[in-house]
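Each chain gets a letter, A, B and so on, in the order its sequence line appears, and its residues count up from 1.
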Amino acid sequence: MKIRFPWLVTVLLLGYAFLYIPIVSLIVYSFNESRLVTVWSRFSTKWYAELLHNDPLLSAAWLSIKIASINATLAVILGTLAALALVRFGKLRGSRSLGVMITAPLVMPEVMTGLSLLLLFIALEGVFGWPSGRGLTTIVLAHTTFSMAYVAVIVQSRLGSMDRSLEEAAMDLGATPVRVFFYITLPIISPALIAGWLLAFTLSMDDLVIANFVSGPGATTLPMMVYSSVRLGVSPQINALAAIIVVVVSIAVLIAAVILQRQAKNR
Amino acid sequence: MSKLLSYIGMDGLNSRSRHLIVAVPWFWLVIFFILPFLFLLKISLSESQLAQPPYLDMIRGDGEGLLTIFINGANYLLLLQDSLYVSALLGSLKVAVISTALCLIIGYPMAYAIARAPESRRMPLLMLIVLPFWTSFLIRVYAWIGILKNNGLLNNLLLWLGLIDEPIDILYTPIAVYIGVVYSYLPFLILPLYATLVKLDNTLLEAAADLGCRPFKQFITVTLPLSMPGVIAGSMLVFIPVVGEFVIPDLLGGPNSLMIGKLLWTEFFSNKDWPMASALACVLLVALVVPFVLLRHYERRASEEGG
């Protein structure tokens with residue numbers, strides 16, 4: 001069906017402009033020589049060069065990448081188990097409460113999740129001596145708890161729409177359930193797993209509030225670093241960092257979209 | 001037989017492994033999601049002190065084997081009495097209500113336009129909505145500082161157009177907070193709304209048209225009521241996180257922008273009053289349980305109608 005009303009096209013264009021103008025302006029001004037962020041002087045890449053020599057920022061970025069990778073892997077494993085539990089074993093004891101618990105972190109305000117997890121970690125440390133101090137481990141635990149919910153939602157919809165006859169055929173030919181899972185089910189749901197992993201990675205890379213609550217003095221993630229420098233004033237280096245993030249993410253999303261589209265066509 | 005078994009679960013998988021699949025994520029969530037809230041509740045009922053940890057334990061021994069439980073409701077009493085907390089809660093709710101309404105006004109036509117677009121164009125159009133969501137939230141909020149500043153892009157544009165004679169204050173006002181919130185949460189509204197609008201049965205609209213219904217009336221009497229599950233799901237996805245929002249009011253709002261998320265952050269990090277911060281979180285939780293229950297209700301109804 002065609003768009004019948006020209007004003008709908010106008011609304012759409014204005015909406016996209018609203019979504020993209022801030023990002024485009026960041027990229028444009030990252031090449032601005034002037035220290036004054038919104039006054040254009042001339043083209044320069046000096047802020048990128050400065051960024052490369054900003055060691056605290058680079059080590060924060062590295063810590064964030066480590067946390068995000070471990071988190072995404074854990075979240076995919078736990079989220080997939082939860083999705084299997086909800087789609088396949090819905091009648092089993094605990095499945096109903098699992099269904100409620102898994103969606104709750106999606107809408108919980110971050111300040112609450114962060115504060116309550118910190119209180120838990122302190123109590124656990126007091127009783128069991130673990131986790132000793134706060135840093136990478138506690139941030140990963142906190143991030144996994146909310147990002148597994150996103151993975152579960154994505155995997156759940158893929159599992160729900162999947163054709164079970166292939167599994168049944170393999171089963172009839174004598175394959176064990178574990179083999180069926182690894183040779184049939186896993187490849188079929190793999191696009192959902194990839195999408196879930198990428199989403200969990202991004203969510204973790206992006207989180208400021210929860211990480212700030214559950215990290216110790218030794219561990220500063222990239223968003224915490226960006227936040228503190230933004231609070232001190234607008235800095236052109238952050239523009240350069242933003243431009244790099246935008247370009248890397250766009251390329252990653254484009255590659256993922258192409259992979260998903262090819263897979264969809266092949267089936 | 002295997003067909004029958006597959007309806008129950010995975011064929012042949014013994015009940016122990018099936019229980020294990022449920023148990024692993026279940027225990028994870030109980031330990032890292034439910035248990036933390038119990039601690040939150042406990043600490044909100046304890047007294048604060050200037051030490052490490054900055055609160056007194058509720059169960060205290062007197063050294064002679066007698067344990068006493070101290071429950072301190074003072075934090076909650078203070079919450080109710082101090083106008084600062086009450087107005088922060090009301091302020092947060094106000095920002096959330098207005099932002100959700102603004103998101104609906106901007107997002108509904110966008111979701112509608114995408115759902116009515118030719119099928120081949122829908123996916124790219126949706127991708128364009130989601131793409132900004134993948135780039136850092138913090139950096140996107142930060143971008144607005146450069147736009148809304150007194151010598152920023154927006155003021156320069158308005159000056160150049162001759163609409164204003166001197167820069168107007170936008171940054172560090174409530175307007176900046178609304179712009180930031182609508183900008184950040186718009187995709188959360190558009191996606192569920194699009195999902196309901198795209199499933200809309202066109203024959204109903206055609207029937208209405210055949211009966212002489214004009215496009216605008218068609219929209220009001222057919223499309224709008226049928227898209228309500230999407231409207232409500234999307235609104236909740238905006239409303240709930242906005243009530244607890246911290247980053248946007250902190251970076252774009254002025255020092256006077258009172259929101260409960262920001263207040264909780266201040267109580268915790270600046271005043272080191274952990275019991276008070278916990279009490280605020282508990283109040284926030286109660287304020288959000290109602291919308292959350294509504295969301296679940298409408299999600300279930302939407303999935304029943306969809307399936």
Note to self: I need the B:Thr135 OG1 to A:Ile245 CD1 distance, nearest 0.5 Å.
What the structure shows: 8.0 Å
Check: Contact part of A:Leu78 toward chain B, heavy-atom cut-off under 4.5 Å: side chain, backbone, both or neither?
Finding: both
Notebook entry, point to check: What part of A:Phe121 gets closer than 4.5 Å to chain B, counting heavy atoms only: side chain, backbone, both or neither?
Noted result: side chain
Notebook entry, point to check: Checking B:Trp28 against chain A: side chain, backbone, both or neither under 4.5 Å from a heavy atom?
Noted result: side chain
Item checked: Pick from A:Leu81, A:Ile21, A:Leu203, A:Val249 with the largest number of heavy-atom pairs that fall under 4.5 Å of chain B -> A:Leu81
Margin query: Please classify the contact of B:Val182 with chain A as side chain, backbone, both or neither, using a heavy-atom distance under 4.5 Å.
Written below: both
Next item on the list: Could you have a look at B:Trp144, B:Phe133, B:Phe37 and say which one has the most heavy-atom pairs with chain A under 4.5 angstrom?
Entry: B:Trp144
Next item on the list: Locate the shortest heavy-atom distance separating A:Leu117 from B:Phe32; write the atom from each residue and the value.
Entry: CD2-O, 3.3 Å
Checklist line | Contact class of B:Leu186 relative to chain A, heavy atoms under 4.5 angstrom | finding: side chain
Item checked: Max heavy-atom pair count under 4.5 Å with chain A, selected residue of B:Pro25, B:Ala23, B:Pro132 -> B:Pro25
Note to self: I'd like to verify something: which residue of B:Ile106, B:Val141, B:Leu280, B:Asp250 has the highest number of heavy-atom pairs under 4.5 Å with chain A?
What the structure shows: B:Asp250
Next item on the list: Counting only heavy atoms closer than 4.5 Å, note whether B:Leu128 contacts chain A via side chain, backbone, both or neither.
Entry: both
Notebook entry, point to check: Any side-chain heavy atom of B:Phe39 within less than 4.5 Å of one from A:Ile122?
Noted result: no
Check: Out of B:Ala111, B:Gly107, B:Ser136, which one racks up the most heavy-atom pairs below 4.5 Å with chain A?
Finding: B:Ser136
Notebook entry, point to check: How about B:Phe27: does its CZ atom have over 12 heavy atoms from other parts shown lying under 6.0 Å from it?
Noted result: no
Margin query: Which atoms of B:Ile34 are under 4.5 Å from chain A, going by heavy atoms: the side chain, the backbone, both sets, or neither?
Written below: side chain
Note to self: Minimum heavy-atom separation for B:Phe137 and A:Asp206, please, with both atom names.
What the structure shows: N-OD1, 2.8 Å
Next item on the list: Examine whether an atom of B:Phe239 lies under 4.5 Å from a heavy atom of chain A, and if so say whether it belongs to the side chain, the backbone or both; otherwise answer neither.
Entry: neither
Margin query: Report which part of B:Ser184 has an atom under 4.5 Å of a heavy atom belonging to chain A: side chain, backbone, both, or neither.
Written below: neither
Check: Run the side chain to side chain contact (heavy atoms under 4.5 Å, CB included) check on B:Tyr112 and A:Val11 step by step: do they pass?
Finding: CA-CA 10 Å; B:Tyr112 187 77; A:Val11 165; over 6 Å; no
Next item on the list: Please round to the nearest 0.5 Å and tell me the distance separating atom CZ of B:Arg140 and atom CG of A:Leu19.
Entry: 8.5 Å
Notebook entry, point to check: Does the ring center of A:Phe213 lie less than 6.0 Å from the ring center of B:Trp274?
Noted result: no
Next item on the list: Pick one of side chain, backbone, both or neither for B:Leu138, based on which atoms fall under 4.5 Å of a heavy atom in chain A.
Entry: both
Next item on the list: Would you mind checking which part of B:Ile129 comes under 4.5 Å of any heavy atom in chain A, side chain (CB onward), backbone (N, CA, C, O), both or neither?
Entry: both
Notebook entry, point to check: Looking at B:Leu288, B:Leu285, B:Leu35, which makes the most heavy-atom pairs under 4.5 Å with chain A?
Noted result: B:Leu285
Note to self: Quick check on B:Leu29 against chain A: is it the side chain, the backbone, both or neither that has a heavy atom closer than 4.5 Å?
What the structure shows: both
Item checked: Engaged part of B:Leu125 at the chain A interface, taking heavy atoms whose separation is under 4.5 Å -> both
Check: Are there more than 12 heavy atoms of other residues, nucleotides or ligands under 6.0 Å from atom CZ of A:Phe182?
Finding: no
Notebook entry, point to check: Are side-chain heavy atoms of A:Pro22 and B:Ile147 found at a separation under 4.5 Å?
Noted result: yes
Next item on the list: Below 4.5 Å from any heavy atom of chain B, which atoms of A:Leu86 appear? Answer side chain, backbone, both or neither.
Entry: neither
Note to self: Taking every non-hydrogen pair under 4.5 Å, which of A:Thr176, A:Val226, A:Asn212 racks up the most with chain B?
What the structure shows: A:Asn212
Notebook entry, point to check: Non-hydrogen atoms of chain B under 4.5 Å away: do they reach the side chain of A:Leu222, the backbone, both or neither?
Noted result: neither
Item checked: Heavy-atom pair with the smallest gap, counting every atom of B:Ile179 and A:Phe18 -> O-CZ, 4.0 Å
Next item on the list: Starting at OH of A:Tyr29, measure out to CG of B:Leu153 and round the result to the nearest 0.5 Å.
Entry: 4.5 Å
Next item on the list: Select one option (side chain, backbone, both, neither) describing which atoms of A:Leu14 are under 4.5 Å from chain B's heavy atoms.
Entry: neither
Next item on the list: Any chance you could measure A:Leu119, atom CG, to B:Ile43, atom CD1, to the nearest 0.5 Å?
Entry: 4.0 Å
Checklist line | Part of A:Met101 within contact of chain B (heavy atom distance under 4.5 Å) | finding: both
Margin query: Does any backbone or side-chain atom of B:Val30 lie under 4.5 Å from a heavy atom of chain A? Answer side chain, backbone, both or neither.
Written below: both
Margin query: Need one label for A:Ala104: side chain, backbone, both or neither, based on atoms under 4.5 Å from any heavy atom in chain B.
Written below: both
Notebook entry, point to check: Where does B:Phe246 contact chain A at under 4.5 Å (heavy atoms): side chain, backbone, both or neither?
Noted result: side chain
Next item on the list: Specify the closest pair of heavy atoms between B:Val22 and A:Ala85, including all atoms of both residues, with the distance to one decimal.
Entry: CG2-CB, 3.7 Å
Check: What heavy-atom pair brings B:Gly244 and A:Val111 nearest, and what distance separates the two atoms?
Finding: O-CG2, 3.6 Å
Checklist line | Between CD1 on residue A:Ile238 and CD1 on residue B:Ile145, distance to nearest 0.5 Å | finding: 10.5 Å
Item checked: Max heavy-atom pair count under 4.5 Å with chain B, selected residue of A:Leu198, A:Thr113, A:Val87, A:Thr80 -> A:Leu198
Notebook entry, point to check: Can you say whether A:Asp207 sits under 4.5 Å from chain B via the side chain, the backbone, both, or neither, judging by heavy atoms?
Noted result: neither
Item checked: Which portion of B:Val247 sits near chain A, non-hydrogen atoms under 4.5 angstrom -> side chain
Item checked: Heavy-atom closest contact (B:Pro36 atom, A:Leu120 atom, distance) -> CG-CD2, 4.0 Å
Next item on the list: Could you tell me which of A:Gly94, A:Gly79, A:Pro105 has the largest number of non-hydrogen atom pairs under 4.5 Å with chain B?
Entry: A:Pro105
Notebook entry, point to check: If you round to the nearest 0.5 Å, how far is CG of B:Leu284 from CE of A:Met108?
Noted result: 9.0 Å
Next item on the list: Tell me, for A:Thr145 versus chain B, whether the close heavy atoms (under 4.5 Å) come from the side chain, the backbone, both or neither.
Entry: both
